[in-house]
Amino acid sequence: MLDIKFIRENPGLVRLGLRNKNAADVVDKVLELDEQRRSIIAKVEDLKAKRNQVSSQIPMMKKTGQDTTTVFAEMKRVGDEIAMLDGQLRTIESELEDILRYTPNLAHSSVPVGSSAEQNVEVRKWLPDGFAFENDFKILDHVELGKKLSIMDFDRGTKISGSGFPLYIGKGATLERALINFMLDYHLHNHNYSEVFPPVLVNKESMMGTGQLPKMEEDMYSIEKDGLYPVPTAEVPITNIHRDEILAEKDLPIKYAGYTPCFRREAGSYGKEYKGLLRVHQFNKVEMVKFSKPENSYNELELLVNDAEDILKALNVPYRILLLCTGDLSFSAAKCYDIETWSPAEKKWLEASSCSNFEAFQARRANIRFRREETKKPEFVHTLNGSGLATSRLMVSILENYQTPEGKIIVPKVLQKYTGFEVIG
RNA sequence: GGAAAGGUGGCAGAGCGGUUGAAUGCGGCAGUCUCGAAAACUGUUGUACCGGUUACGGUAUCGGGGGUUCGAAUCCCCCCCUUUCCGCCA
């Protein structure tokens, strides 16, 4: 949620920022409602002050036997007027809140302006020693490998649940589990994150807090009977750990890493990158979440990206970093880097991680603050998160990059102690 | 699924129609004392919003929403949540 005071004081900036994010210009409407709101508040609070003042004298009047009928009649009128104005105020405030809840965050000034993914900027690229984009043998794609080696069964996954629900079998299942454990351990031991294992069904307030609701409702699974949502990312439960809390400045930054399965309806995206693991309704992801002081959050973002990159370097998987342009940024993000790993079969880069700074956008929605020692006042924290990483896309890159001309898979060195085997096939 | 109890400030815990933002205790902060610390004593200590350059003034807030009333933490209605017991169960 954007800060209403900021909009009031910087309408031009906000207007430009919304346009850069391909969002509707709500500035005039917001300012108008804000104006009305404040004018009613002034009136109604005046009346309430009067009522309180008179009320406090009534016990004394009764004690001294004064007649209260005129006062009561007068206060009755005041009460009615208050009720009327309060009603108007409620209507205006809910309209204002509705607009603000549907309004995206603004991009940071360091984000390149652009309307679509075309304008994203490649920041850097990392390739393993001896890596080549062209191979001297026929590369099988991950679906073919999965079938040939009996490590993934998409048909049976479809039988069980529907398309987009992958079934890992045998060494494929072990490899998936090894990846999750490796990544979590790595972040805990080398990057100093605290481990969390959160609930994967969350309530509406949590989904509102991180910004998935109300706008992205169509992309979320929901369990209507119980008012719960399967999480689309661990970002939701982990960020909401501190909803409605005031954190101590000395505890910041707080860094959590956790694994959850992720559930996404992917409404309207059928036919696009649908093959195998490329776009699925359920996948596994290790997520990193940070709560930071505002002045440090952009530095923390760079560190977050490095933390995700370290995993890929350890796995020896080729990747590149993209800085997303304003038009490609997600609803809640102020700045975001995508990490893409190379798929030799698809001959393209696949998004395996997204590392974002949300500044105070989520904190304001979820009411997550910290008390600054110097001022003693609560302030909103900045929240950040990044995949570290999603296994589905990563699995594609690992299988395809580690395949041998005989169609076997060499297990990446760092995973071997987790899998207990070195080769698949 | 059945039964009961309960949701009050950072925490514990009073209040059950009228100067109650809310007793008391703990905690936090500041001061006195001390070479320093502890103890003791004294003071202070929520948040949000509105107005004001500041000082400050005002409003709201006792799980959420609605109602009764001149006036609600206190009375009435609806909802949510938590705890305990019984049943079921990984």
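Source: prediction; values computed, not measured. In the text below, chain A, chain B and the rest are named by the order of the sequence lines, each starting its count at 1.
- Among the protein residues, A:R77 comes within range of no part of the nucleic acid, since none of its heavy atoms lies under 4.0 Å from any strand.
- Across all strands shown, B:rC81 pairs with B:rG6; the Watson-Crick or G-U wobble distances both stay below 3.5 Å.
- An OP1 or OP2 oxygen of B:rA60 is reached within less than 4.0 angstrom by a side-chain nitrogen or oxygen of A:N52.
- Summary of the strand contacts: A:P378 and A:P59 both lie near RNA chain B, and taking for each the nucleotide with the nearest heavy atom, the more 5' one is attributed to A:P59.
- An OP1 or OP2 oxygen of B:rU59 is reached within less than 4.0 angstrom by no side-chain nitrogen or oxygen of A:R51.
- Computed from coordinates, the A:L47 CG to B:rA60 P distance equals 11 Å when rounded to whole Å.
- Ion pairing between A:E249 and A:K293 holds under the 4.0 Å rule for side-chain N and carboxylate O.
- B:rA38: no Watson-Crick or G-U partner with both key distances under 3.5 Å is found in any strand.
- B:rG2 and B:rC88: their P atoms are spaced 15 Å apart (whole Å).
- Using atom P as the reference point in both B:rG71 and B:rG28, the two lie 43 Å apart (nearest Å).
- The six-membered or imidazole ring of A:F263 lies away from that of A:H281, with a centre-to-centre distance of 6.0 Å or more.
- When heavy atoms are screened at a 4.0 angstrom cut-off, A:I58 is found touching base atoms of the nucleic acid.
- Remark: A:K171 qualifies as a cation-pi partner of A:F421 under the 6.0 Å distance and 45° angle criteria applied to the six-membered ring.
- In the set B:rG66, B:rC50, B:rC70, B:rC70 carries the atom at the smallest distance from any side-chain atom of A:M75.
- Contact annotation for A:R364: no contact, since no heavy-atom pair falls under 4.0 Å across all strands.
- Residue A:R369 places at least one side-chain N or O under 4.0 Å from the OP1 or OP2 atom of B:rA48.
- In this structure, A:H242 has its ring center under 6.0 Å from that of A:Y256.
- Distance CD (A:E97) to P (B:rA48): 17 Å, rounded to an integer number of Å.
- Taking atom CD of residue A:E245 and atom P of nucleotide B:rG10, one finds them 12 Å apart after rounding to whole Å.
- Mapping A:K50 and A:A73 onto RNA chain B via the closest heavy atom, the residue that lands nearer the 5' end is A:K50.
- Comparing the P positions of B:rG10 and B:rU84 gives a spacing of 24 Å, expressed to the nearest Å.
- Relative to the side chain of A:R371, the nucleotides B:rG66, B:rU69, B:rG46 differ in distance, and B:rG46 lies closest.
- Pairing for B:rC70 is with B:rG18, a Watson-Crick or G-U wobble pair whose two hydrogen-bonding atom distances lie under 3.5 Å.
- One interatomic measurement links the two molecules: CG of A:N203 to C1' of B:rU82, which rounds to 15 Å at whole-angstrom precision.
- Spacing between atom CG of A:L85 and atom C1' of B:rU59 amounts to 13 Å, rounded to whole angstrom units.
- With both pairing distances under 3.5 Å, B:rA12 is matched to B:rU24 as a Watson-Crick or G-U wobble pair.
- Taking the C1' atom of each, B:rC79 and B:rU53 are spaced 46 Å apart, rounded to whole Å.
- Taking 4.0 angstrom as the limit, A:R37 places a side-chain polar atom (N or O) nearer than this to OP1 or OP2 of B:rC50.
- Nucleotide B:rC29 has B:rG43 as its partner under the Watson-Crick or G-U criteria, with both atom distances under 3.5 Å.
- Nucleotides B:rU24 and B:rG13, compared at atom C1', are 8 Å apart to the nearest Å.
- Regarding A:K376, its NZ atom lies at a distance of 18 Å from the P atom of B:rU44, rounded to whole Å.
- One C1' atom belongs to B:rA23, the other to B:rA73, and the distance between them is 14 Å to the nearest Å.
- For A:K48 and B:rU61, the NZ to P distance is 7 Å, given to the nearest whole Å.
- The partner of B:rG1 is B:rC86, by the rule that a Watson-Crick or G-U pair needs both atom distances under 3.5 Å.
- Going from atom CD of A:E373 over to atom P of B:rG28 covers 14 Å, rounded to whole Å.
- When the C1' atom is used for both B:rU45 and B:rC33, the distance is 23 Å, rounded to whole Å.
- Comparing the same atom, C1', in B:rU68 and in B:rG1 gives a spacing of 36 Å after rounding to whole Å.
- Between A:F358 and A:H382, the distance separating the two ring centers is not shorter than 6.0 angstrom.
- B:rG52 is unpaired under the criterion used here, namely a Watson-Crick or G-U wobble arrangement in which both key atom distances are under 3.5 Å.
- Aromatic ring orientation, A:Y193 versus A:H191: perpendicular (interplanar angle above 60°, classes split at 30° and 60°).
- Taking the ring centroids of A:F154 and A:F165, they lie at or beyond the 6.0 Å cut-off.
- Between A:E95 and A:R37 there is no salt bridge, since no side-chain nitrogen of the basic residue lies less than 4.0 Å from a carboxylate oxygen of the acidic one.
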